[in-house]
Amino acid sequence: MEANSSVNHRIARIAAHLRPLTEDVCLTVSDCRAKGGAPGFKVAILGAAGGIGQPLAMLMKINPLVSVLHLYDVVNTPGVTADISHMDTGAVVRGFLGQQQLEDALIGMDLVIIPAGVPRKPGMTRDDLFNINAGIVKTLCEAIAKCCPKAIVNVISNPVNSTVPIAAEVFKRAGTYDPKRLLGVTMLDVVRANTFVAEVLSIDPRDVDVPVVGGHAGITILPLLSQIKPPCAFTKKEIEYLTDRIQNGGTEVVEAKAGAGSATLSMAYAAVKFADACLHALRGDAGIIECAYIASQVTELPFFASKVRLGRGGVEEILPLGPLNDFERESLEKAKKELAASIEKGISFIRK
Ligand SMILES: NC(=O)c1ccc[n+]([C@@H]2O[C@H](COP(=O)([O-])OP(=O)(O)OC[C@H]3O[C@@H](n4cnc5c(N)ncnc54)[C@H](O)[C@@H]3O)[C@@H](O)[C@H]2O)c1
Ligand SMILES: O=C(O)C[C@H](O)C(=O)O
């Protein structure tokens, strides 16, 4: 009893030196390790108790570049945090529950990943999620602007084509907007494209690299099959099959889950792949190129997904689209129409 209370007392004293948190945030034994000052980045996951959030939290806990991992949700974070904090990897894990702990979750973060919000059910489009998720993303981004305005922000919540413009408007209003630091996560489209192309070619998906540009919904997802590595000429039939499968990969999962949500495990994998790229870039590693949905001048649209070079400041260079074939040029025009409407919807949600 006595030994326990003395340990708890020491933990509380150590933790008091670590972070400016309010007193009602509970301290855990894992706080002790933060004193060692393990090198690495501080990462917050908002929506950490969800279908994506939980496996994402687990995978980020394994990431050696992460020293502190904050798990925030409006439900269930104490359990998820207790569970994940038992993993014998370096990152210190802390849980935050409910709106009153949101700001504590965000103070000092280098990277904030947002998978908060409702997922699709069969028959829904991603845009059908707008009414609920727009408000969630707005609230979370207001807190980010206040507590960690320099953090890199990875937006996963759908409809990404609109939630990224919403986040941008919130940051503009707060006077903290840095377009280089706000990235919509479209990595799952690239992951799917690599997988489906590898299936067709009967090769290892790790050897395939398909650029996917545009946005993250239906026809706005535009795989540039003419630019894949290794270079490969597809038949018209293969191009139609692959484009359709990549554009509707999300729906394929939603239908298979039959009302139990959308992609969570492959999304957590894709989110970690993308977050890991951001962390390596923050560390100063050179030559990190990924696709992301960002503020862009590649087309006349204010936001567009394309290949970007990541660096310490976030997006350091937006790569040109490169040569497109007739099919891709035509698809791009269709994608831009839908994308323009989704962007406008997001912007006017904040400006109205
Ligand atoms: N960008 C992509 O490629 C991609 C891929 C898959 C899913 N998604 C989207 O990610 C989102 C989450 O999907 P999921 O399957 O994890 O859903 P989920 O319902 O399993 O989890 C969402 C979590 O968000 C939490 N939440 C709700 N309101 C919140 C708030 N105000 N603050 C913090 N947390 C809040 C919920 O409590 C829940 O734990 C959905 O919008 C989905 O469409 C995007
Ligand atoms: O399809 C969805 O609703 C979720 C996600 O955007 C996906 O692509 O899997």
Side-chain angles (χ1 to χ4, degrees), residues 44-57 70-81 95-103 105-106 112-144 153-164 166-167 183-193 195-196 212 214-218 220-221 245-257 259-275 291-293 305 342:
I45 300 175
L46 312 182
I52 296 168
Q54 291 198 37
L56 173 58
H70 282 190
L71 306 181
Y72 171 79
D73 204 303
V74 291
V75 293
N76 297 339
T77 40
V80 174
T81 306
F96 301 84
L97 181 65
Q99 179 91 28
Q100 70 283 10
Q101 293 188 355
L102 175 57
E103 293 189 4
L106 289 169
V112 180
I113 310 173
I114 312 182
V118 290
R120 282 201 284 165
K121 286 189 180 346
M124 292 171 84
T125 66
R126 292 178 183 81
D127 186 58
D128 291 334
L129 306 172
F130 185 97
N131 287 345
I132 299 178
N133 290 354
I136 293 174
V137 170
K138 173 177 178 280
T139 305
L140 297 176
C141 288
E142 283 166 352
I144 291 169
V153 179
N154 290 178
V155 180
I156 294 172
S157 314
N158 269 319
V160 168
N161 292 353
S162 303
T163 51
V164 171
I166 287 172
L183 301 100
V185 181
T186 57
M187 179 62 100
L188 184 53
D189 302 317
V190 175
V191 163
R192 284 179 177 140
T195 304
F196 302 155
V212 183
H216 178 68
T220 71
I221 300 168
R245 184 136 190 240
I246 294 162
Q247 291 182 334
N248 295 302
T251 306
E252 186 179 318
V253 178
V254 168
E255 282 168 3
K257 290 200 174 180
S262 56
T264 52
L265 304 173
S266 53
M267 183 58 231
Y269 165 78
V272 164
K273 206 172 172 190
F274 189 69
C291 290
Y293 180 65
S342 304

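All ligand and atom numbering here is 1-based and tracks the order in the structure.
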With the criterion set at N/O pairs under 3.5 Å, what does the list of contacts between the protein and ligand 2 look like, atom names and distances included?
| from | atom 1 | to | atom 2 | distance (Å) |
| --- | --- | --- | --- | --- |
| ligand 2 | 1 (O) | R120 | NE | 3.4 |
| ligand 2 | 1 (O) | R120 | NH2 | 2.7 |
| ligand 2 | 1 (O) | R126 | NH2 | 3.2 |
| ligand 2 | 3 (O) | R120 | NE | 2.6 |
| ligand 2 | 6 (O) | R126 | NE | 2.8 |
| ligand 2 | 6 (O) | R126 | NH2 | 3.4 |
| ligand 2 | 6 (O) | N158 | ND2 | 2.8 |
| ligand 2 | 6 (O) | H216 | NE2 | 2.5 |
| ligand 2 | 8 (O) | R126 | NH2 | 2.9 |
| ligand 2 | 8 (O) | R192 | NH1 | 2.8 |
| ligand 2 | 8 (O) | H216 | NE2 | 3.3 |
| ligand 2 | 9 (O) | R192 | NH1 | 3.4 |
| ligand 2 | 9 (O) | R192 | NH2 | 2.7 |

For ligand 1, indicate whether the residue [X] contacts it via side chain, backbone, both or neither (heavy-atom separation under 4.0 Å).
| X | answer |
| --- | --- |
| N133 | side chain |
| R126 | neither |
| V160 | side chain |
| P115 | backbone |
| I52 | both |
| T139 | neither |
| T264 | side chain |

What protein heavy atom is closest to [atom], reported as residue, atom name and distance in Å?
| atom | result |
| --- | --- |
| atom 44 (C) of ligand 1 | I156 O, 3.0 Å |
| atom 25 (C) of ligand 1 | D73 OD1, 3.3 Å |
| atom 6 (C) of ligand 1 | A263 O, 3.3 Å |
| atom 5 (C) of ligand 1 | M267 SD, 3.1 Å |
| atom 28 (N) of ligand 1 | I136 CD1, 3.4 Å |
| atom 35 (C) of ligand 1 | A116 CB, 3.6 Å |
| atom 21 (O) of ligand 1 | G50 CA, 3.2 Å |
| atom 41 (O) of ligand 1 | V118 O, 2.9 Å |

Please confirm whether G261 comes under 4.0 Å of ligand 1, counting heavy atoms of the residue only.
-> no
Could you establish whether V75 and ligand 1 come within less than 4.0 Å of each other, counting only heavy atoms on the residue side?
-> yes
Mind checking whether [X] and [Y] have side chains closer than 4.5 Å, heavy atoms only?
| X | Y | value |
| --- | --- | --- |
| L106 | L46 | yes |
| C141 | I166 | no |
| I221 | H216 | yes |
| L102 | L140 | yes |
| N158 | T163 | no |
| Q54 | N76 | no |
| C291 | D189 | no |

Identify the two heavy atoms, one from [X] and one from [Y], that lie closest to each other, and give their separation to 0.1 Å.
| X | Y | value |
| --- | --- | --- |
| A105 | Y72 | CB-CB, 4.0 Å |
| A49 | D73 | N-OD2, 2.9 Å |
| G53 | P115 | CA-CG, 4.3 Å |

Using side chain to side chain contact (heavy atoms under 4.5 Å, CB included) as the criterion, list what pairs up with A270, not counting sequence neighbours.
-> M187, L188, V191, M267
Numbering as shown, the atoms of ligand 1 that approach [X] to under 4.0 Å (heavy-atom distance):
| X | answer |
| --- | --- |
| A49 | 39 (O) |
| N158 | 4 (C), 8 (N), 9 (C), 41 (O), 42 (C), 43 (O), 44 (C) |
| L129 | 43 (O) |

Taking both backbone and side-chain atoms of [X], is any N or O found less than 3.5 Å from an N or O belonging to ligand 1?
| X | value |
| --- | --- |
| Y72 | no |
| G51 | yes |
| V185 | yes |

Exercise: do T220 and N161 side chains pair donor with acceptor under 3.5 Å | yes
Determine which pairs satisfy side-chain hydrogen bond (donor to acceptor under 3.5 Å, both in side chains) with at least one residue from residues 260-270, sequence neighbours left out, and list them in order.
-> K257-T264
Quick one: does N133's side chain have a donor or acceptor within less than 3.5 Å of a partner on V118's backbone?
-> yes
T77 (side chain) donor-acceptor with F96 (main chain) under 3.5 angstrom = yes
Nearest option to atom 30 (C) of ligand 1, as decided by whichever heavy atom of V74, V137, L46 sits closest = V74
For atom 17 (O) of ligand 1, which candidate among G53, G117, G250 holds the nearest heavy atom?
-> G117
What pairs meet the salt bridge (Lys or Arg N to Asp or Glu O under 4.0 Å) rule with one or both residues in residues 122-140, with sequence neighbours excluded?
-> D127-K345, K138-E142
State whether the number of non-hydrogen atoms from other residues, nucleotides or ligands found under 6.0 Å of E252 atom CD is greater than 12.
-> yes
Partner of N154 under side-chain contact (heavy atoms from CB on, under 4.5 Å), picked from I113, I45, V112, is I113
